[in-house]
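First listed ligand is number 1; within each ligand, the first listed atom is number 1. Throughout, numbering of the chain's residues begins at 1 and tracks the sequence.
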Amino acid sequence: MNYEQRARERADALREAGHATILALESSCDETAAAVVRDGREVVSSVIASQIALHAIYGGVVPEIASRKHVESVDPVVDQALAQAGMRLQDVDAVAVTYGPGLVGALLVGVSAAKALAFAAQKPLIPVNHIEGHVSANYIAHPDLKPPFVCLVASGGHSHIVRVEDYGVYTLLGQTQDDAAGEAFDKAARVLGLPYPGGPLLDKLSHEGNPNALPLPHVVTKGRYDYSFSGLKTALINQVHKLRQTGRDVPAADIAASFQQAVVEELADKAILAVRDTGARKLALAGGVAANSCLRATLSVRCRKAGIDLRMPPPVLCTDNAAMIGSAGYYRLMRGELAGLSLNAEPSLKLV
Ligand code: KG4
Ligand code: ZN
């Protein structure tokens with residue numbers, strides 16, 4: 001029996017039992033992460049090696065440096081995740097890995113490592129979409145959460161509103177026409193002189209500022225649930241340049257707070273509209289931007305008023321991690337979605 005036949009047989013047995021302990025790997029951008037997750041909901045261990053300090057001096061992620069660092073980190077991170085779980089490779093039932101979207105070189109490191117681990121242990125290999133991973137962070141944080149629900153996915157590379165019809169079944173309601181929300185935060189932060197990734201620092205700085213200090217344009221989009229952040233970003237850049245050119249002070253905290261409020265209003269308005277229109281009554285947040293304190297507070301208040309059940313993972317599960325990949329991997333395994341050893345990275349992989 002060859003590897004793929006054996007893996008398929010083992011996967012069928014796991015599906016029948018409905019239980020699986022999964023070793024998950026994530027390396028799509030600037031975090032090398034590994035986790036052990038039981039039955040899609042319980043995190044047994046989770047290790048994240050961040051490369052942020054390495055890229056900060058360049059003002060953004062340098063793909064080649066990211067790939068090289070993933071190569072260095074992947075084995076120790078996997079070893080640590082297994083050690084923290086008190087397990088050996090043979091003890092896990094399957095290996096899940098992010099195969100896209102993301103940086104091709106970075107993804108390839110995780111994919112190659114996962115293939116080697118799955119082959120060595122003769123266990124099923126599960127390919128996971130990174131965005132689906134973000135959505136699935138909610139299954140870990142909220143063990144009672146089941147589809148259907150609407151999910152706002154806002155990260156450094158993506159801003160989507162999807163309706164989660166069932167596990168792994170998504171309807172795309174809207175998406176960004178230009179910059180992703182996290183990208184917009186990072187670019188605005190850079191203009192204010194904050195280091196990469198500026199989103200969390202802009203969030204912090206905003207606490208000291210007046211969110212109504214800076215007039216920003218109203219966002220116009222084609223689709224009812226689409227996003228656009230480039231107009232806000234350009235308005236902010238122009239106003240900061242004008243202040244600098246005329247020798248005036250740049251009130252960084254006021255600018256940060258105003259920009260953050262504009263982005264958050266836009267994210268919240270469309271997400272609530274989508275929930276109302278689709279009659280879902282349940283909204284989940286996902287992706288790095290879901291860690292934003294203003295977005296969390298704004299949506300908490302609005303959803304309470306509107307009678308919408310709001311679910312948010314804790315910030316550590318919003319930003320990139322492997323536990324969310326282990327959760328998504330479990331549901332994929334239960335649907336029989338396996339990969340062979342020919343699995344490749346797909347940098348532009350779509351969710352729907
Ligand atoms: O999901 P994620 O870790 O990686 C991607 O898949 O892109 O998201 C990272 C993005 C970055 O743009 C980062 O600045 C943003 O999420 N982010 C935040 C906050 N925490 C992370 N943006 C605003 N406020 C935050 N607190
Ligand atoms: Zn991500």
Task: Mode of Glu31 contact toward ligand 1 - side chain, backbone, both, neither (heavy atoms, under 4.0 Å) - done: neither
TODO: Ignoring angles and geometry beyond distance, decide whether Phe185 reaches within less than 3.5 Å of ligand 1 through its nitrogen or oxygen atoms.
DONE: no
Task: Atoms in ligand 1 flagged as close to Asp203, the criterion being non-hydrogen separation under 4.0 Å - done: 24 (N), 25 (C), 26 (N)
Open item on the list: Quick check: Ser293 and ligand 1, any N/O pair under 3.5 Å apart?
Closed with: no
Open item on the list: Is there a polar contact, in the sense of an N or O pair closer than 3.5 Å, between Gly156 and ligand 1?
Closed with: yes
- [ ] Could you tell me which atoms of ligand 1, counted from 1 in the order shown, lie closer than 4.0 angstrom to a heavy atom of His134?
- [x] 1 (O), 6 (O)
- [ ] Please state which part of His130 comes within less than 4.0 Å of ligand 1, counting heavy atoms only: side chain, backbone, both or neither.
- [x] side chain
Open item on the list: With a 4.5 Å cut-off on side-chain heavy atoms, are Leu108 and Asn344 touching?
Closed with: yes
Task: Side chain to side chain, Val37 and Tyr330, heavy atoms closer than 4.5 Å - done: no
Open item on the list: Is the ring pair Phe185/Phe259 parallel, tilted or perpendicular, if the boundaries are 30 and 60 degrees?
Closed with: perpendicular
- [ ] Select one of side chain, backbone, both or neither to describe which atoms of Asp320 lie under 4.0 Å from any atom of ligand 1, heavy atoms only.
- [x] both
- [ ] Supply the atom-to-atom distance Leu232 CG to Gln260 CD, rounded to the nearest 0.5 angstrom.
- [x] 12.5 Å
- [ ] Go through the side-chain N and O atoms of Asn212 and Gln261 and say whether any donor and acceptor fall under 3.5 Å apart.
- [x] yes
Task: Contacting atoms of ligand 1, where contact means under 4.0 angstrom from a heavy atom of Gly157 - done: 7 (O)
TODO: Out of Ala181, Gly288, Ser28, indicate the one that has the non-hydrogen atom closest to atom 17 (N) of ligand 1.
DONE: Gly288
Open item on the list: As a test of understanding, state which of Val97, Ile325, Leu89, Val44 forms a side-chain contact (heavy atoms from CB on, under 4.5 Å) with Leu23.
Closed with: Leu89
TODO: Would you check the N or O atoms of Asp186, main chain and side chain alike, for any that come under 3.5 Å of an N or O of ligand 1?
DONE: yes
Task: Short side-chain to backbone donor-acceptor contact, Ser27 and Ala106, under 3.5 Å - done: yes
- [ ] May I ask you to check if any N/O/S atom from Cys29 comes under 2.8 Å of the Zn ion (ligand 2)?
- [x] no
Open item on the list: A quick test of your reading: do over 12 heavy atoms of other residues, nucleotides or ligands sit less than 6.0 Å from CZ of Arg190?
Closed with: no
- [ ] May I ask you to decide if the ring planes of His130 and His134 are parallel, tilted or perpendicular, using 30° and 60° as cut-offs?
- [x] perpendicular
TODO: Report the nearest protein non-hydrogen atom to atom 22 (N) of ligand 1: residue, atom name, distance rounded to 0.1 Å.
DONE: Gly199 CA, 3.6 Å
Open item on the list: Quick test of your reading of the structure: of Ile131, Ile52, Asn292, whose heavy atom lies closest to atom 23 (C) of ligand 1?
Closed with: Asn292
Open item on the list: How wide is the angle at the Zn ion (ligand 2) spanned by Asp320 OD1 and His130 NE2, rounded to 10 degrees?
Closed with: 100°
TODO: Considering the heavy atoms of Gly182, write down every atom of ligand 1 situated less than 4.0 Å from one of them.
DONE: 12 (O)
Task: Test item: Leu125 and Lys115 side chains (from C-beta on) under 4.5 Å apart, heavy atoms - done: yes
